[in-house]
Amino acid sequence: MPMEKTFNAAEAEPRIYAAWEKAHAFAAGANASREETFSIMIPPPNVTGSLHVGHAFNNTVQDILTRWKRMQGYDTLWQPGQDHAGIATQLVVERKLAEAGLPPRAEMTREAFLSRIWEWKAESGDTIINQLKRLGASCDWDRNAFTMSGAPGAPPGDEGNFHDAVIKVFVEMFNHKDADGNPDPLIYRGKRLVNWDPHFETAISDLEVENVEVAGFMWHFKYPLAGGETYDYVEKDEDGNEVLREVRDYISIATTRPETMLGDGAVAVHPTDARYSAIVGKLCEIPVGPKDQRRLIPIITDEYPDPTFGSGAVKITGAHDFNDYAVAQRAGIPMYALMDTKARMRADGGPYEIDAREAKKISEAWLVKKGYLKKPDGFWIEFGDPAEEIVSAMNLVPEAYRGLDRFEARARVVADITDEGLAVMVPATDPRLGKAYASSRQARGEDGRPTDSYEEGGMAPEAMLVPLVEPKPIMQPFGDRSKVVIEPMLTDQWFVDTAKIVGPALDAVRDGRTTILPESGEKVYFHWLENIEPWCISRQLWWGHRIPVWYGPDVSQTDVAERFQEEKEKLAATLGRELTESEYFEIMHHHFDHLPTPNQPRFCGNSEEDVVVQALLIYGEDTDVLFSSDAEEQFGFRAAATISPKVGGRRQVRLSRDPDVLDTWFSSGLWPIGTLGWPEQTEALKKYFPTSVLVTGQDILFFWVARMMMMQLAVVGEVPFHTVYLHQLVRDEKGEKMSKTRGNVIDPLTIIDQYGADALRFTMAQMAAPGGVLKLSEERIKGYRNFGTKLWNACRFAEMNGVWEGHATSAPPTPTATVNRWIVGEAARVRADVDAALTAYRFNDAANALYAFVWGQVCDWYVEFAKPLFDGDLAQETRETMAWVLDQCMILLHPIMPFITEELWQTTGAR
RNA sequence: GGGCGGUUAGCUCAGCGGUAGAGCACUACGUUGACAUCGUAGUGGCCACUGGUUCGAUCCCAGUACCGCCCACCA
């Protein structure tokens with residue numbers, strides 16, 4: 001039967017892929033004829049995902065490498081799998097619940113919600129796998145992995161090892177000891193200022209924050225000195241000439257976030273700033289809130305304020321700004337939290353009046369401690385550093401603002417201060433007000449922002465005094481998934497002490513055990529790792545690996561304390577004095593490395609059984625250890641840890657598990673070893689780890705690549721991969737990012753439907769110059785579809801001339817005719833070029849070399865010259881040569897265009 | 001503000017110490033035994049700018065301009 005004029009991709013591709021699967025052609029080790037291994041871990045797509053051009057590119061590159069090595073006889077593994085993608089998936093499922101009119105997550109138990117997610121995962125989990133198959137991805141699907149496999153509640157089909165691996169790593173990092181056997185935890189918990197996403201109500205890591213420049217305003221307000229004190233405010237120019245001198249009873253503060261004034265703990269000026277030296281160590285008043293209950297805060301010095309910027313004085317709000325946090329820590333200034341988890345002004349706690357009074361005492365005590373104030377005569381309560389818990393429980397939001405959204409609160413604060421006359425006023429011509437305002441007498445709204453209306457009335461702009469509100473571009477942090485403004489929040493979170501594990505990850509790239517391509521990626525890698533910050537790994541979500549830490553009840557609650565009385569007395573006798581409380585608890589928990597609070601024991605283990613063993617050491621063998629339930633935890637996980645009195649010689653202790661889950665990148669950070677069965681020493685692990693190459697987008701160099709390096713080196717002491725091939729984002733033909741709003745999204749599946757997977761793959765390969773920008777145009781894809789047709793027709797021509805009758809030999813023929821000898825030589829050369837190009841990850845060179853050879857040499861010249869030869873004595877030799885040459889083309893093209901080459905082999909009977 | 005990268009034909013991009021390359025587009029011609037999703041021939045470049053190193057620079061070095069991307073705390 002004569003061949004069709006073109007390759008029918010739509011019909012052939014599914015049929016061919018099914019045949020490959022049936023033959024287990026992609027199983028690990030399939031077709032292996034040598035010992036050497038070649039392994040790639042797929043960057044696991046999110047379970048919420050569907051194939052986009054980025055995936056198409058990424059997986060094409062991986063597939064080319066995998067097929068190329070597999071054809072060379074390597075023992076090859078391309079490991080597939082998916083990522084549970086904590087926040088992203090939880091978001092999708094919450095949206096689904098809403099769409100279905102079901103109760104929201106807040107009204108479900110944790111367990112019930114998780115089972116919804118598992119259901120959803122089962123439904124949608126196969127989508128991307130099927131799409132990858134359409135692309136031709138030759139993954140070993142029997143080994144498909146998932147980053148949440150084996151977690152509690154996982155349904156059949158997801159009973160893998162991943163959860164155990166993640167938990168084991170957490171426990172090991174938590175219990176890590178240094179070379180001398182001393183505790184050296186790589187993971188710790190602490191109250192820190194973290195990036196808080198008010199939409200998802202969880203902490204996120206630095207990397208999940210996108211800073212975007214937005215139009216903002218800077219307001220200038222007067223903080224009056226306490227007790228109506230005054231000072232001479234003198235301003236000098238660069239030459240030291242006095243340009244302004246006036247008597248002031250206030251200090252001027254500039255801020256872009258007036259609502260955080262309520263939480264100010266101090267005002268800071270630079271120690272060398274002569275303008276304010278007279279008032280350092282005095283108290284000033286935050287100009288918001290009920291007039292008779294205004295809070296007083298000290299004026300302090302710190303290196304942080306820049307005397308040349310603004311007024312040179314900075315308000316310090318330790319709980320709501322990262323810079324201020326650092327200042328507050330250095331100076332011992334309390335950090336007052338103002339907002340709830342949704343970033344509304346707090347409405348909990350006691351009346352403002354009481355807490356404001358307490359805060360004033362703290363301020364005064366601070367001044368006494370620093371020597372600015374003498375301890376007053378008479379009654380005086382000594383304040384130490386007030387306990388963190390006390391400070392964070394205080395609510396310094398005046399009643400009028402409680403419960404307001406932060407932006408609403410901002411408008412109210414600005415309006416109230418302005419109404420009271422405590423905004424800094426300037427002539428309407430002041431250049432800082434911005435051009436539009438100064439030139440127009442434009443009116444300002446309640447919050448001082450320019451409005452569209454114009455003020456009528458006869459006053460000249462220069463005579464009119466207006467509040468100083470500078471329009472100013474500010475960098476605002478947004479959540480990368482929620483797109484809401486991130487709020488710095490003071491919360492308890494878990495961190496990886498990255499500084500302790502970063503060294504080996506840097507060394508491995510420095511000494512070449514791992515190579516990053518393109519080379520510029522290494523510089524970026526070094527730069528980030530050399531300046532690495534602690535990694536916040538706890539998330540206040542439900543979908544994820546729950547942190548394997550349990551809290552026990554406060555032992556002082558019951559007679560448990562008596563068990564230790566004896567030991568306490570013994571030690572006290574030895575020391576010759578009473579033990580302090582903390583010494584007492586230290587004894588009690590001497591075999592534990594870390595204590596969360598002086599009195600609440602913490603256990604970290606791989607399983608509840610592990611934890612029971614630990615708990616019995618604390619509470620005694622005569623204890624039944626239980627675990628708290630969802631319902632018991634609804635008032636707080638710490639409170640859910642309880643202890644009962646002894647009944648019949650036994651007592652019950654209820655442990656409560658940390659409610660947080662781990663950052664999804666913590667688990668995907670273990671992808672290379674986890675997918676191979678670690679912690680079991682599986683055959684696959686021995687064989688395929690470390691992996692050969694990681695192919696991934698540049699955008700997740702920090703999120704994933706760097707963390708895999710750190711974690712694999714920390715856990716198994718080996719690099720996870722020898723080479724990292726980084727590529728860019730796939731853009732549209734104009735180089736613009738594809739987005740739904742721009743309407744320039746190219747759907748790879750549509751392309752595959754229209755032009756076939758091979759055309760798309762060849763285009764991807766052709767674009768893949770190391771470090772190059774990936775601009776995808778449909779024209780180009782069409783061109784490479786034509787290339788496939790060209791090859792098809794060359795084979796069709798060969799078929800019409802009986803070329804395939806003797807099949808292709810694998811050994812190069814040794815013809816006599818010049819043309820035949822020439823093409824055999826050219827074929828050998830292109831083979832060497834393609835191998836060299838792929839070895840160097842120069843996919844574009846490989847694709848271009850093949851294009852030039854197949855079209856420019858084989859079709860344009862060789863086939864033309866061969867035509868007359870089929871009529872003469874050299875016909876047989878020419879047939880054999882052509883069969884071999886075309887077979888070579890197919891072999892070399894197969895990794896890039898697997899479908900059409902497979903089909904050609906089948907239909908021509910070439911193999 | 002810091003870091004990284006780019007600037008080569010009309011377009012998209014390779015190249016890299018020694019007469020500038022590809023694809024697409026364009027022009028002219030062409031239904032010669034597979035292919036019109038085609039063939040043949042051709043047009044087209046101060047390799048951003050300024051200096052330096054060199055026998056020789058698109059390439060190496062320094063600086064300038066513009067364009068991207070990443071990171072960053074100026075209230």
Side-chain angles (χ1 to χ4, degrees), chain A residues 2-3 5-7 206-207 209-211 216 218-220 253-258 260-261 264 267-269 304-317 321-327 470 472 474-475 477 488 518-528 530-531 533 698-699 701-702 728-729 731 733-737 755 759 763 766-777 779-780 782-801 803 842 844-845 847-849 851-852 855-856 858-861 863-864 866-868 870-871 882 886:
Chain A
M3 285 170 67
K5 266 192 160 179
T6 55
F7 171 59
D206 304 347
L207 289 176
V209 176
E210 285 169 356
N211 290 299
M218 191 159 77
W219 288 268
H220 294 251
I253 303 290
T255 179
T256 55
R257 301 204 54 195
T260 65
M261 288 168 64
D264 289 354
V267 167
V269 297
Y304 164 61
D306 174 357
T308 65
F309 185 85
S311 69
V314 185
K315 67 191 213 54
I316 300 300
T317 320
D321 181 284
F322 286 97
N323 291 313
D324 294 4
Y325 179 74
V327 176
E470 297 180 56
K472 189 173 182 297
I474 48 174
M475 291 299 273
E519 210 181 326
S520 61
E522 295 193 351
K523 291 184 190 171
V524 181
Y525 176 87
F526 290 141
H527 187 254
W528 189 68
E530 280 161 3
N531 298 291
E533 295 286 325
Q698 219 157 31
D699 53 330
L701 177 63
F702 305 144
Q728 297 213 342
L729 228 64
R731 295 158 183 282
E733 63 225 305
K734 292 190 221 89
E736 285 185 42
K737 216 166 150 175
Y755 301 104
T763 310
Q766 202 278 338
M767 294 195 300
V773 180
L774 308 174
K775 295 186 192 174
L776 186 62
S777 92
E779 272 307 300
R780 199 169 276 242
K782 205 163 149 187
Y784 293 121
R785 189 270 321 270
N786 296 352
F787 172 65
T789 306
K790 188 76 180 171
L791 173 73
W792 180 267
N793 278 291
C795 292
R796 181 161 172 261
F797 170 77
E799 217 234 353
M800 290 164 83
N801 286 284
V803 161
R842 306 183 65 95
N844 59 321
D845 283 354
N848 287 333
Y851 189 94
W855 200 311
V858 175
C859 294
D860 289 350
W861 292 103
V863 169
E864 293 305 321
K867 283 172 183 174
F870 285 131
D871 301 330
M882 191 175 284
L886 289 172

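Below, chains carry the letters A, B, ... as their sequence lines are ordered, and counting in each starts from 1.
- Side-chain proximity of A/R842 to the nucleotides B/G23, B/A14, B/C38 is greatest for B/A14.
- Contacts of A/W861 with the nucleic acid, taken as non-hydrogen atoms under 4.0 Å apart, are absent.
- Across B/U58 and B/U50, the matching C1' atoms stand 16 Å from one another, rounded to whole Å.
- The separation between A/L776 atom CG and B/U12 atom P is 15 Å, rounded to whole Å.
- When the nucleotides B/C74, B/A75, B/C38 are ranked by their closest atom to the side chain of A/M475, B/C74 comes out on top.
- Ring centers of A/Y851 and A/Y784: under 6.0 Å apart, within the cut-off.
- In this model, the phosphate group of B/C38 is approached by a side-chain N or O of A/N786 to a distance below 4.0 Å at OP1 or OP2.
- In terms of modelled atom types and a separation under 3.5 Å, the side chain of A/D324 and the main chain of A/T317 share a donor-acceptor contact.
- Across the strands present, B/U27 finds its partner in B/A41; the criterion is a Watson-Crick or G-U wobble pair with both atom distances under 3.5 angstrom.
- Remark: the backbone N or O of A/R796 is not paired with any side-chain donor or acceptor of A/N793 at under 3.5 angstrom.
- For NZ of A/K782, the number of neighbouring non-hydrogen atoms (other residues, nucleotides, ligands) closer than 6.0 Å is 12 at most.
- Spacing between B/G21 and B/A14 at atom C1', rounded to whole Å, works out to 7 Å.
- Across all strands, A/R785 comes closer than 4.0 Å to base atoms (heavy-atom distances).
- Heavy atoms of A/T789 sit under 4.0 angstrom from at least one base atom.
- Here A/P868 lies in heavy-atom contact (under 4.0 Å) with a base.
- The side chain of A/N793 has B/A34 as its nearest neighbour among B/C4, B/C74, B/A34.
- Residue contacts for A/K775: at a heavy-atom cut-off of 4.0 Å it reaches the sugar-phosphate backbone alone, with no base atom in range.
- With distances taken from any side-chain atom of A/Y851 to the nucleotides B/A36, B/G33, B/G23, the minimum falls on B/G23.
- Taking 3.5 Å as the limit, the base of B/A72 and the side chain of A/E533 contain no donor-acceptor pair of atoms between them.
- The base-pairing partner of B/U64, taking Watson-Crick or G-U wobble contacts with both distances under 3.5 Å, is B/A48.
- Annotation: B/G6 and B/U12 have their C1' atoms spaced 14 Å apart (nearest Å).
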Would you check, one step at a time, whether the test side-chain hydrogen bond (donor to acceptor under 3.5 Å, both in side chains) holds for A/K5 with A/T789? CA-CA 8 Å; A/K5 266 192 160 179; A/T789 306; over 6 Å; no
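- Rounding to whole angstrom units, OH of residue A/Y304 and C1' of B/C74 are separated by 6 Å.
- Both A/G521 and A/R257 lie close to RNA chain B; mapped to their nearest nucleotides by heavy-atom distance, the more 5′-ward contact belongs to A/G521.
- Comparing B/A34, B/U37, B/A14 by their closest approach to the side chain of A/A769 singles out B/A14.
- Here A/C859 lies in heavy-atom contact (under 4.0 Å) with a base.
- Residue-level contact check: A/T6 touches the bases, meaning some heavy atom is under 4.0 Å from a base atom.
- Taking the P atoms as reference points, B/C46 lies 30 Å from B/G39, given to the whole Å.
- When the P atom is used for both B/U40 and B/A22, the distance is 14 Å, rounded to whole Å.
- Counting only heavy atoms from C-beta on, A/V524 has its side chain closest to B/C4 among B/C4, B/A14, B/A72.
- Only the P atoms considered, B/A20 is 26 Å distant from B/A62, to the nearest whole Å.
- When both pairing distances are held under 3.5 Å, B/U54 makes no Watson-Crick or G-U pair with any nucleotide shown.
- Distance NZ (A/K782) to C1' (B/U12): 17 Å, rounded to an integer number of Å.
- Among B/C13, B/U37, B/A75, the nucleotide with an atom closest to any side-chain atom of A/T256 is B/A75.
- For A/R796 and B/G33, the CZ to C1' distance is 12 Å, given to the nearest whole Å.
- Looking at the side chain of A/N323, the nearest of the listed nucleotides B/C73, B/A34, B/A75 is B/C73.
- Summarising the geometry of A/W219 relative to A/T256, their closest heavy-atom pair is CZ3-O, 3.7 Å, with the distance given to 0.1 Å.
- Nucleotide B/C38 carries an anti base; the chi torsion (O4'-C1'-N9-C4 or O4'-C1'-N1-C2) is more than 90° from 0.
- Atom P of nucleotide B/C35 and atom CG of A/L886 are separated by 15 Å, given to the nearest angstrom.
- Of all heavy-atom pairs spanning A/K315 and A/R257, the tightest one is CE-O, 4.0 Å.
- Listed candidates were B/G39, B/G5, B/A75. Nearest to the side chain of A/S520 is B/G5.
- B/G63 and B/G3 have their P atoms separated by 11 Å, with the value rounded to a whole Å.
- In the set B/C4, B/A75, B/C35, B/C4 carries the atom at the smallest distance from any side-chain atom of A/K523.
- Within 4.0 Å (heavy atoms only), A/D871 reaches at least one base atom of the nucleic acid.
- Here, B/C26 and B/U43 have their C1' atoms 8 Å apart, quoted to the whole Å.
- Along RNA chain B, the nucleotide closest to A/P307 and the one closest to A/M800 are compared, and the more 5′ of them pairs with A/M800.
- Taken from CG in A/N786 to OH in A/Y755, the straight-line distance is 9.5 Å, to the nearest 0.5 Å.
- Rounded to whole angstrom, the span from the OH atom of A/Y755 across to the C1' atom of B/U37 amounts to 11 Å.
- Using Watson-Crick or G-U wobble geometry with both donor-acceptor distances under 3.5 Å, B/C69 finds its partner in B/G3.
- Across all strands, A/N211 comes closer than 4.0 Å only to sugar-phosphate atoms, never to a base (heavy-atom distances).
- Within 4.0 Å of A/N848, counting heavy atoms only, lies no atom of the nucleic acid at all.
- Side chain of A/N801 to backbone of A/V803: no donor-acceptor contact under 3.5 angstrom is found.
- Proximity of A/W855 to the phosphate of B/A22: no side-chain N or O atom is located under 4.0 Å from OP1 or OP2.
- Base pairing annotation: B/G21 forms a Watson-Crick or G-U wobble pair with B/C13, both donor-acceptor distances under 3.5 Å.
- If you check every strand for non-hydrogen atoms under 4.0 Å, A/G312 touches a base.
- Here A/Q698 lies out of heavy-atom contact (under 4.0 Å) with every strand.
- Here the P atom of nucleotide B/C74 and the CZ atom of A/F322 are 13 Å apart, to the nearest Å.
- Residue A/K5 contributes atom NZ, which lies 9 Å from atom P of B/A34 at whole-angstrom precision.
- By the 30° and 60° cut-offs, the orientation of the rings of A/F870 relative to A/F797 is tilted.
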